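All remarks here apply to the structure that follows.
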Amino acid sequence: MKLTLSARPPFSFPSVVKSHGWVQLVPFAFDEASATLTYVDHLSSGRIIEYRIIGSPTGVTVQTSAKLTRSEQDEVAAKVIWMFGLEMDFSEFYALARQEPKLAKAEKNAQGRVLRSPTLFEDVIKTILTTNTLWGATKRMTANLVMQFGDPLADDSSRRAFPTPESLAVTTEERLRAETRLGYRAPYILALARAVASGDLDLEVLKAADIPTLELRKRLLKIKGVGNYAAANLLMILGHYDFLPVDSWALKIVSHEWYGGEPIGPAEVEAAFEKWGQRKGLAYWFWDWSYFEKG
DNA sequence: GGTAGACCTGGACGC
DNA sequence: GCGTCCAGGTCTACC
């Protein structure tokens with residue numbers, strides 16, 4: 001099966017794929033040689049399928065080896081549109097970015113979209129797994145979760161979908177600690193899965209564009225394990241850019257940019273991007289950091 | 001509301 | 001080989 005999906009221009013497939021580290025976390029995988037992003041998904045029909053997503057200047061094509069029903073095709077299309085933010089409009093950000101040399105490439109490179117998981121449940125868990133740890137450990141914890149609790153492709157049990165809330169809800173904190181190696185994050189992940197599986201918490205409604213940012217942030221901060229950094233990161237994913245995900249990395253690159261490498265705190269990071277208002281997250285995310293300049 | 005201390009893990013580093 | 005530090009922070013108790 002093949003679906004062709006159009007994006008609001010400008011659009012850049014590699015810009016979305018490489019917008020942050022999600023592409024390195026299963027069930028995502030990216031093949032550089034063929035420039036193909038794959039993702040193993042658990043459809044609401046119960047089937048486990050793999051998407052092969054290829055970019056074009058006008059959007060993406062999605063291929064699956066499985067033959068899908070009409071409703072399954074609609075589900076895949078809706079999910080990929082969300083994952084790539086195909087309908088998102090960054091024209092107001094680009095208008096401001098044209099005035100800032102450090103964002104001069106933003107419009108040309110069609111920056112703004114960030115790669116998202118099909119469900120906010122998956123993005124919340126992955127975000128919690130990025131906190132207070134090394135990136136390598138985030139990849140390992142995510143891989144453990146997927147291998148231990150995700151359902152496999154019919155023809156390749158080494159490729160699995162992200163666990164459903166229901167599959168995680170029935171496990172124990174002890175197993176998440178001892179086998180999945182989530183450490184102190186185990187009770188957070190378990191509580192989240194149980195809340196979503198029971199229907200007490202509906203994360204998908206938070207994708208609605210008309211929820212005010214402060215209300216959204218308040219709801220995200222109620223999730224155990226989600227603090228200021230994680231909430232800001234999730235707001236970025238949800239298309240709200242009023243808060244900065246200030247982590248140790250942000251402190252490092254902002255210090256290098258404006259403070260000569262001296263130790264700084266979150267206040268200095270906030271001050272550096274204050275003038276960008278509701279688009280400060282975008283300005284921060286796509287800033288042409290001197291930290292990465294060669295030489 | 002602000003802050004200190006604890007928290008899982010595992011790689012890097014110094015000895 | 002061993003101990004310590006720290007990383008894409010958060011929570012809780014305490015003031």
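Note that this is a predicted model, so its numbers are computed, not measured. Order of the sequence lines fixes the chain letters, A, B, ..., with proteins taken first and strands second; residue numbering starts at 1 for each chain. All values below come from the heavy atoms of this structure, side chains included, with hydrogens, waters and symmetry mates left out.
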Kindly say whether the aromatic ring centers of [X] and [Y] come within a distance under 6.0 Å.
{"X": "A:W276", "Y": "A:F286", "answer": "no"}
{"X": "A:Y241", "Y": "A:Y284", "answer": "no"}
{"X": "A:W249", "Y": "A:Y291", "answer": "yes"}

Could you give the distance separating [M] and [N] at their [atom1] atoms, to the nearest angstrom?
{"N": "B:dC8", "M": "C:dA13", "atom1": "P", "result": "15 Å"}
{"N": "B:dG11", "M": "C:dT10", "atom1": "C1'", "result": "22 Å"}
{"N": "C:dC5", "M": "B:dC7", "atom1": "P", "result": "16 Å"}
{"N": "B:dA6", "M": "C:dC6", "atom1": "C1'", "result": "15 Å"}
{"N": "C:dG8", "M": "B:dC13", "atom1": "P", "result": "13 Å"}

Steps toward side-chain hydrogen bond (donor to acceptor under 3.5 Å, both in side chains) verdict (A:T36, A:D31): CA-CA 5 Å; A:T36 303; A:D31 179 56; 5.4 Å; no

Could you encode protein contacts along nucleotides 2-11 of chain B as a string, one character per nucleotide from 5' to 3', using B for base contact, S for sugar-phosphate-only contact and - for no contact, with a heavy-atom cut-off of under 4.0 Å? -----SBSSS

Over how many whole Å does the gap from [X] atom [atom1] to [N] atom [atom2] extend?
{"X": "A:I189", "N": "C:dG9", "atom1": "CD1", "atom2": "C1'", "answer": "13 Å"}
{"X": "A:I125", "N": "C:dG8", "atom1": "CD1", "atom2": "P", "answer": "21 Å"}
{"X": "A:W289", "N": "C:dG8", "atom1": "CH2", "atom2": "P", "answer": "15 Å"}
{"X": "A:K252", "N": "C:dA7", "atom1": "NZ", "atom2": "P", "answer": "7 Å"}
{"X": "A:K222", "N": "C:dC11", "atom1": "NZ", "atom2": "P", "answer": "14 Å"}
{"X": "A:L221", "N": "C:dT10", "atom1": "CG", "atom2": "P", "answer": "9 Å"}

A:S255 side chain vs A:K252 backbone, donor-acceptor pair below 3.5 Å: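 Pair absent, no side-chain N/O of A:S255 close to backbone of A:K252.
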
Judged by atom type as modelled, is there a donor-acceptor pair below 3.5 Å linking the side chain of A:D41 to the main-chain atoms of A:L43? no

Looking at A:K105, I want to see if its NZ is surrounded by more than 12 non-hydrogen atoms of other residues, nucleotides or ligands under 6.0 Å.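 Incorrect, the count does not exceed 12.
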
I'd like to know if A:E270 pairs up with A:K280 as an ion pair, taking the criterion as any Lys NZ or Arg NE/NH1/NH2 lying under 4.0 Å from an Asp or Glu carboxylate oxygen. yes

Salt bridge A:E72-A:K79, side-chain N to carboxylate O under 4.0 Å: no

Quick one: on DNA chain C, does A:Y188 or A:G21 contact a more 5' nucleotide (nearest heavy atom)?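 Comparing both residues, the 5'-ward one is A:G21.
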
Quick one: on DNA chain C, does A:V226 or A:Q24 contact a more 5' nucleotide (nearest heavy atom)? A:Q24

Does A:Y229 get its side chain close enough to the base of C:dG9, under 3.5 Å, for a donor-acceptor pair?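 Answer no: no donor N or O sits under 3.5 Å from an acceptor.
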
Under 4.0 Å, heavy atoms only, any strand: does A:I223 hit a base, just the sugar-phosphate, or nothing? sugar-phosphate

Heavy atoms only, 4.0 Å cut-off, all strands: where does A:A250 land among base, sugar-phosphate and nothing? nothing

Report the stems of DNA chain C as range-with-range entries sorted by first number; a stem here is at least three consecutive pairs, Watson-Crick or G-U wobble, both distances under 3.5 Å, and write none if there are none. B:1-7 with C:9-15, B:9-15 with C:1-7

Distance below 4.0 Å between A:S248 side-chain N/O and C:dC6 OP1 or OP2: no

Once rounded to the nearest 0.5 Å, what's the spacing between atom CG of A:L216 and atom CD1 of A:I211?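 Atom-to-atom, A:L216:CG and A:I211:CD1 are 5.5 Å apart.
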
Any idea which of C:dT10, C:dT12, C:dG8 is nearest the A:W135 side chain?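 So the nucleotide nearest the side chain must be C:dG8.
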
